[in-house]
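The next block holds one structure in the form of structure tokens; read it before the comments.
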Amino acid sequence: MDLMEAIKGRRSIRKYKPDPVPEEVFSTLMEAVKWSPSWANTQCWEVIAVRDPKLKSELAAALPKGNPALSSMTDAPLVIVLCGKKGVSGFKKGEATTAKGDWLMFDTGLAMQTLCLTAHTLGLGTVIVGNFDHHRVAEILGVPQNIEVVAITPLGYPAVEGMVPKRKEVSEFVFSEHYGKKG
Ligand SMILES: Cc1cc2nc3c(=O)[nH]c(=O)nc-3n(C[C@H](O)[C@H](O)[C@H](O)COP(=O)(O)O)c2cc1C
């Protein structure tokens with residue numbers, strides 16, 4: 001699968017087969033995450049792999065009832081909780097380098113995209129889940145104060161094909177020379 005095919009073909013998957021993710025496949029995914037770009041190569045990401053059904057149920061309970069990814073948290077054999085170390089990305093000698101402050105959301109986002117695309121090329125499904133009670137998840141998994149819980153994805157073999165949500169046209173988000181100016 002070439003890169004464009006992977007980018008266009010990856011879909012959010014919300015229904016999973018119970019088949020486990022082989023350890024070597026999991027290792028390949030983590031190797032891919034390892035090579036994600038990050039601010040000054042700070043690599044603030046940390047990954048918690050959750051396989052215990054009881055813990056997965058507790059995580060599912062941290063999602064609001066209407067979250068369409070809720071059942072995938074317990075269906076999928078593996079749930080990945082992506083965290084970021086605070087005060088590292090975007091910082092030099094303890095001081096924020098830019099007005100944006102901590103770039104951990106950006107760097108963990110890149111790591112998540114690497115994970116999702118690589119998973120897709122290996123026949124696995126993912127869905128990035130951001131709408132949940134982050135404090136509750138931190139408590140369930142014993143995440144310390146200096147580490148931010150950012151996002152979750154179930155990981156496993158898709159039970160259904162994801163539907164293809166419509167995208168904006170390129171011309172709607174590309175400007176030329178100045179903001180708002182169409183080429
Ligand atoms: C930061 C972020 C948070 C998201 N949170 C959720 C979520 O809480 N629940 C869910 O079902 N999908 C969630 N999604 C998945 C998006 O709904 C999905 O990516 C979007 O509709 C496009 O569909 P596609 O991934 O199949 O291309 C999230 C995606 C991102 C990038």
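Small disclaimer: the values here were computed from a predicted structure and weren't measured. Both counts, for ligands and for their atoms, begin at 1 and track the order of listing.
In this structure, the separation between CG on D102 and NZ on K86 is 9.0 Å, given to the nearest 0.5 Å. Separation of atoms OG1 (T108) and CD (Q43) is listed at 13.5 Å; rounding is to 0.5 Å. Between the NZ atom in K8 and the CE atom in M4 there is a gap of 5.0 Å [rounded to 0.5 Å].
A parallel orientation is assigned to the rings of H134 and F132, their planes being inclined by less than 30° (bins at 30° and 60°).
When heavy-atom distances to ligand 1 are checked against 4.0 Å, the residues falling inside are R10, R11, S12, R14, N67, P68, A69, V127, I128, V129, G130, N131, P165, R167, ordered by chain and number.
For the residue pair W103 / T42, no side-chain donor-acceptor distance below 3.5 Å is found, with atom types taken as modelled.
Remark: K34 engages E31 in a salt bridge, criterion side-chain N to carboxylate O under 4.0 Å.
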